Engineer: 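Pasting in a structure now, in structure tokens, and then I'll have a few things to ask.
All figures in this text were calculated on a predicted structure; none of them were measured in a lab. Only heavy atoms go into these numbers, but all of them, side chains included; no hydrogens, no water, no symmetry mates. The sequence lines fix the lettering, A, B, ..., with proteins before strands; numbering per chain opens at 1.
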There are 2 protein chains.
Amino acid sequence: MHPADTRTAILETSARLYADLGYSAVSMRDVASAMGMTPANLYHHFKNKDDLVHETVTHVFAEKTEPIAEMLEAESRDADRLDLFVHHFVRLLTGDRVFFRLLVRELVDGDEGRLGDLAHTVLERPFRLVSGLADIRQPEEERFLATVSMIGVILGHALLAPLLPHLPGGHAGFADPTSIANHISAALRHAAASDLETK
Amino acid sequence: MHPADTRTAILETSARLYADLGYSAVSMRDVASAMGMTPANLYHHFKNKDDLVHETVTHVFAEKTEPIAEMLEAESRDADRLDLFVHHFVRLLTGDRVFFRLLVRELVDGDEGRLGDLAHTVLERPFRLVSGLADIRQPEEERFLATVSMIGVILGHALLAPLLPHLPGGHAGFADPTSIANHISAALRHAAASDLETK
DNA sequence: GTCTATATTCCGATAGAC
DNA sequence: GTCTATCGGAATATAGAC
């Protein structure tokens, strides 16, 4: 169909722009200009702006989430899998700002259809993994909320990271991915231990 | 100066539009049209679009965060304060989608200056409160990360809420604010208890 | 596959009457 | 304080040559 090179290059350029500025703030002219081409040429590769946005998001999510899912399914010990998941998910969210910002934009602005896509392509596999590690004796709602908390606390850290230097006692050094991942891993182990004791 | 009525009405209309669609997707014409007035008239009340956006965000944050800060400072028992904070913060983030969406947009898109404002007006008081309740024997970095986790997990829940119906085993009923707040409160109590035991 | 050229609509912002 | 009228430019998108 289209030569993969140009099309992919456009997707990666637009991904960076959309992530940084938001979909509606980035014009077709902006993307074309960043690519060193004419706006009209974009319409040869993509039907319209909505199409470019949708293809961009799909491309980024597919590209970034496949390796982490594979890695998770290669590890077999439950405790190690949770640890592995936390470290990789923290690193993905805090280290790849294009992926993270597009994810948050989809979470905030996505309609039902796009949220469904997002759930399926990005969050379903991690969700099943974490959910499978939760205490099976808990009632269903508790397990579900616990899973949302684990993924949510990582999202929350990534979202609050740029704010840390402005908070009392904070500085940018606290946003170090390894520190964050170790802290969350420890907290989750504590929570799991506490669950066992109180049952 | 300006009659407070019209100006405030504009701010609340633009807050709803900006929260739902994002700043750059909402034109001055859109705001004027929703107000039943002329775009030119907006420029009598606000210098330009940047000014309207900034005043809108400031207005919403000031209006929504004052009551919660007052409530927190009225309660004196630490355990109750944490519980109270969790319940009110969850209710604010999951119940007021205008406030929540503007908060996330500022966190994602805000430049250094706006992040500073945000930290000061919205998150500094809750942060000090939660931080003050953390185990004082922990090293500084641990206490700081624990505080970020507590606020972050609430943010994460609010961010993931629209996604829950699309996740395996999930339905919209799991987004009930009281359930979420109770779950987080319990998790934080467990974590605190676990901290005491392992020291 | 990329360009020039252009149609059409929309945008932020201002001047000036009432 | 709100309006009409309008400017200059930027937006999405298309037609058609190379």
Engineer: Which residues pass the side-chain hydrogen bond (donor to acceptor under 3.5 Å, both in side chains) test with B:E124, not counting sequence neighbours?
Structural biologist: B:H120, B:R128

Engineer: Using a 4.0 Å cut-off on heavy atoms, which residues in residues 28-38 of chain A reach DNA chain D? List them by number, or say none.
Structural biologist: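 Those residues are A:M28, A:R29.
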
Engineer: Quickly work out the B:N41 CG to C:dC18 P distance and round it to whole Å.
Structural biologist: 17 Å

Engineer: Salt bridge or not for A:D96 and A:R91, using N-O below 4.0 Å?
Structural biologist: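 Salt bridge between A:D96 and A:R91, a charged N being under 4.0 Å from a carboxylate O: no.
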
Engineer: To the nearest Å, how far apart are A:D50 CG and D:dA13 P?
Structural biologist: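 One finds 7 Å between P of D:dA13 and CG of A:D50, rounded.
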
Engineer: Output the rounded distance in Å from CG (A:L42) to P (C:dT2).
Structural biologist: 10 Å

Engineer: Taking A:R7 as the fixed residue, which of A:E55, A:E12, A:H44, A:H45 is the one that meets the side chain to side chain donor-acceptor pair (under 3.5 Å) rule?
Structural biologist: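 Result: among A:E55, A:E12, A:H44, A:H45, A:E55 is the only option passing the side chain to side chain donor-acceptor pair (under 3.5 Å) with A:R7.
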
Engineer: Please enumerate all residues that pass ring-ring contact (aromatic ring centres under 6.0 Å, His included) together with B:Y23, with sequence neighbours excluded.
Structural biologist: B:Y18

Engineer: Could you tell me how far apart A:N48 (CG) and C:dT9 (P) are, to the nearest whole angstrom?
Structural biologist: 18 Å

Engineer: Let's see if you can work this out: which of D:dA13, D:dA15, C:dT2 has an atom nearest to the side-chain heavy atoms of A:K49?
Structural biologist: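 Of the candidates, D:dA13 comes closest.
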
Engineer: How about B:H171 and B:F174: are their ring centres within less than 6.0 Å of each other?
Structural biologist: yes

Engineer: Would one find a side-chain N or O of B:H44 under 4.0 angstrom from OP1 or OP2 of D:dC3?
Structural biologist: no

Engineer: Does B:S27 put a side-chain nitrogen or oxygen below 4.0 Å from OP1 or OP2 of C:dC10?
Structural biologist: no

Engineer: Tell me: CG of B:L52 to C1' of C:dG12, nearest whole Å?
Structural biologist: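 Result: 12 Å.
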
Engineer: Please determine, by modelled atom types, if B:S27 and B:D30 share a side-chain donor-acceptor pair under 3.5 angstrom.
Structural biologist: yes

Engineer: In whole angstrom, give the distance that lies between atom NZ of B:K47 and atom P of C:dG12.
Structural biologist: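 Rounding to the nearest Å, NZ of B:K47 and P of C:dG12 are 15 Å apart.
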
Engineer: Which one, C:dA5, C:dG12, D:dT12, comes nearest to the side chain of B:Y43?
Structural biologist: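 Per side-chain heavy atoms of B:Y43, the pick is C:dG12.
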
